[in-house]
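Notes follow the structure.
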Amino acid sequence: MKYAVIDIGSNTVRLCVYQVEGTKLSLLLNQSVMARLGSKTQNGAMTQEGIQAACDALEQLREPIKRQGVEKTLVFATAALRNITNSKEAVELISQRSGFSIDLLSGEKEALFTFMGAGSNRALRNGVLADIGGGSSELILIRDGLPVKTASLPIGSLTAFVRFVGRRPAKPEQIATLRQHVLTMIAEHFSPEDHGEVLYGIGGAARSAYELERLLDPAAGGAIRALETLLKRLLADEVLAEKSILQASPERLDSALPGIAILCAAAQFFGCKTLEICNGGVREGYLLEQLAKKEGA
């Protein structure tokens with residue numbers, strides 16, 4: 001059976017189509033529409049422009065869903081619609097206009113589904129799972145393959161750019177202020193004794209950081225120390241930063257450096273030495289949860 005999962009995020013609205021056999025998920029299509037909903041707010045509320053942008057993005061995804069012969073479509077939203085003052089109204093309007101029923105995930109549910117998805121195709125040893133999205137960051141401390149502490153921070157790569165940077169190029173002092181803010185937020189949920197050797201990265205920010213490292217320092221092999229050096233190098237050279245981001249992750253020209261800064265702050269707090277990228281994440285976890293509910297019904 002073919003399932004479509006649409007993830008309404010702060011930066012993109014992403015469609016993934018899966019062939020489902022039992023609990024085995026095979027990805028058939030991964031397509032996104034750049035909506036930048038995280039930047040379409042005013043005084044904490046999503047604007048009518050943002051609501052329409054979400055509807056337009058969903059409309060663009062109808063054709064690929066139809067073309068794939070999808071039998072069931074699931075739609076959920078995370079920080080883009082969760083962390084706004086008119087959350088309920090925005091969800092209702094987008095649902096009415098688009099015809100899609102939208103499941104608004106809490107931060108706790110998002111973290112749980114992220115862990116489920118990340119662990120669906122690989123073993124997670126002791127470490128920290130970091131899903132840096134456009135509007136929020138989910139952190140999960142893992143011990144012996146199990147989640148022991150979770151937190152959803154109301155800041156992501158795009159909202160960090162809007163709040164701390166504003167316009168390119170990002171300045172070192174802006175990124176330093178962002179990092180200190182993230183460290184303070186992490187300390188509200190975790191203790192200094194919480195350590196993790198590996199930072200498991202999920203989402204576009206982590207993939208962008210990894211691709212930039214491979215481009216500029218291919219011998220680093222995911223070392224956090226190299227990622228710190230890379231961040232400083234890109235902040236010091238505006239031309240190199242723009243050229244490299246356009247080559248590695250062009251859709252993240254604004255948000256790449258804030259995303260790397262959030263990753264580095266997490267690694268600093270938990271003492272992580274390496275960054276590893278996970279292929280599975282919140283979309284896979286959400287689908288697995290829905291399949292389990294169907295099985296138990």
Side-chain angles (χ1 to χ4, degrees), residues 6-15 31-58 60-61 75-95 98 100 102-107 109-111 114 130-139 151-168 170 174-175 177-179 181-182 185 201-209 245 249-263 265-266 281-283:
I6 299 177
D7 175 359
I8 302 175
S10 297
N11 207 31
T12 62
V13 176
R14 184 172 297 275
L15 162 69
Q31 182 174 328
S32 66
V33 178
M34 186 65 66
R36 294 178 61 86
L37 301 182
S39 64
K40 293 178 171 62
T41 62
Q42 187 173 16
N43 298 323
M46 180 164 288
T47 62
Q48 287 300 313
E49 178 192 3
I51 290 171
Q52 190 57 49
C55 294
D56 292 343
L58 289 168
Q60 288 184 54
L61 296 174
V75 185
F76 69 83
T78 53
L81 298 181
R82 182 175 67 230
N83 296 338
I84 53 176
T85 57
N86 59 338
S87 181
K88 183 179 179 181
E89 176 191 356
V91 170
E92 289 178 352
L93 282 173
I94 295 169
S95 295
S98 69
F100 287 102
I102 300 171
D103 189 0
L104 182 61
L105 301 187
S106 66
K109 283 287 185 69
E110 184 177 358
T114 296
D131 185 358
I132 314 300
S136 70
S137 297
E138 274 54 58
L139 299 176
S152 179
L153 309 183
I155 191 165
S157 57
L158 181 58
T159 50
F161 175 82
V162 172
R163 181 174 175 184
F164 290 92
V165 180
R167 59 183 296 180
R168 300 191 310 273
Q174 293 171 327
I175 294 300
T177 301
L178 164 61
R179 288 188 63 161
H181 179 73
V182 173
M185 295 177 80
I202 295 177
R207 288 191 297 272
S208 176
I245 295 169
S249 190
E251 74 280 4
R252 298 186 180 275
L253 196 54
D254 289 341
S255 61
L257 294 185
I260 295 174
I262 295 172
L263 281 170
V282 64
R283 289 177 291 276

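The basis for the numbers below is simple: all heavy atoms, side chains too, and nothing from hydrogens, waters or symmetry mates.
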- Could I get the full list of side-chain hydrogen bond (donor to acceptor under 3.5 Å, both in side chains) partners for Glu251, not counting sequence neighbours? Ser249
- Task: Kindly indicate, with the supporting measurements, whether the criterion side-chain contact (heavy atoms from CB on, under 4.5 Å) is fulfilled by Asn43 and Thr85.
- Result: CA-CA 8 Å; Asn43 298 323; Thr85 57; over 6 Å; no
Taking C-beta and beyond as the side chain, do [X] and [Y] meet within less than 4.5 Å on heavy atoms?
X      : Y     : answer
Arg283 : Phe76 : yes
Ser255 : Asn11 : yes
Val33  : Thr12 : no

Please report the shortest heavy-atom distance between [X] and [Y], naming the atom on each side.
X      : Y      : value
Leu263 : Ala206 : CD1-CA, 3.7 Å
Leu178 : Ala160 : CD1-CB, 3.7 Å
Ile245 : Ala256 : CD1-CB, 3.8 Å
Pro258 : Val165 : CG-CG2, 4.3 Å

- Item | Test: Arg14 and Asp7 ion pair at under 4.0 Å | no
Only counting residues at least two apart or in another chain, list the ones meeting salt bridge (charged side-chain N to carboxylate O under 4.0 Å, His left out) with [X].
X      : value
Arg252 : none
Arg179 : Glu228
Arg163 : none
Asp254 : Arg36, Arg168

Would you confirm whether [X], through its side chain, and [Y], through its main-chain N or O, come within 3.5 Å as a donor-acceptor pair?
X      : Y      : value
Ser136 : Ser152 : no
Thr41  : Gly44  : no
Ser87  : Leu81  : yes
Asp131 : Ser137 : no
Lys40  : Ala35  : yes

- Item | Partner set under ring-ring contact (aromatic ring centres under 6.0 Å, His included) for Phe161, not counting sequence neighbours |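 With sequence neighbours excluded, Phe161 shows a ring-ring contact (aromatic ring centres under 6.0 Å, His included) to no residue whatsoever.
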Gap between atom [atom2] of [Y] and atom [atom1] of [X] - 0.5 Å precision:
X      : Y      : atom1 : atom2 : result
Ile8   : Ile6   : CD1   : CD1   : 7.5 Å
Asn83  : Leu153 : CG    : CG    : 10.5 Å
Ile262 : Phe164 : CD1   : CZ    : 9.0 Å
Met46  : Ile84  : CE    : CD1   : 4.5 Å
Ser32  : Leu61  : OG    : CG    : 8.5 Å

- Query: Going through the checks in order, is the side-chain contact (heavy atoms from CB on, under 4.5 Å) test met by Val13 and Met34?
  - Reply: CA-CA 7 Å; Val13 176; Met34 186 65 66; over 6 Å; no
Listed partners of [X] passing side-chain contact (heavy atoms from CB on, under 4.5 Å), at least two apart:
X      : answer
Ala80  : Ser10, Leu37
Ala266 : Leu139, Ile186, Leu199
Ser98  : Leu58, Ile94, Phe100
Gln42  : Thr47

- Evaluation steps, side-chain contact (heavy atoms from CB on, under 4.5 Å), between Asp103 and Val75: CA-CA 6 Å; Asp103 189 0; Val75 185; over 6 Å; no
- Query: Do Asp56 and Gln52 meet the criterion of a side-chain donor-acceptor pair at a distance under 3.5 Å?
  - Reply: yes
- Can you pull the salt bridge (charged side-chain N to carboxylate O under 4.0 Å, His left out) pairs that have at least one residue in residues 82-95, sequence neighbours excluded?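 For residues 82-95: Arg82-Glu110, Arg82-Glu138.
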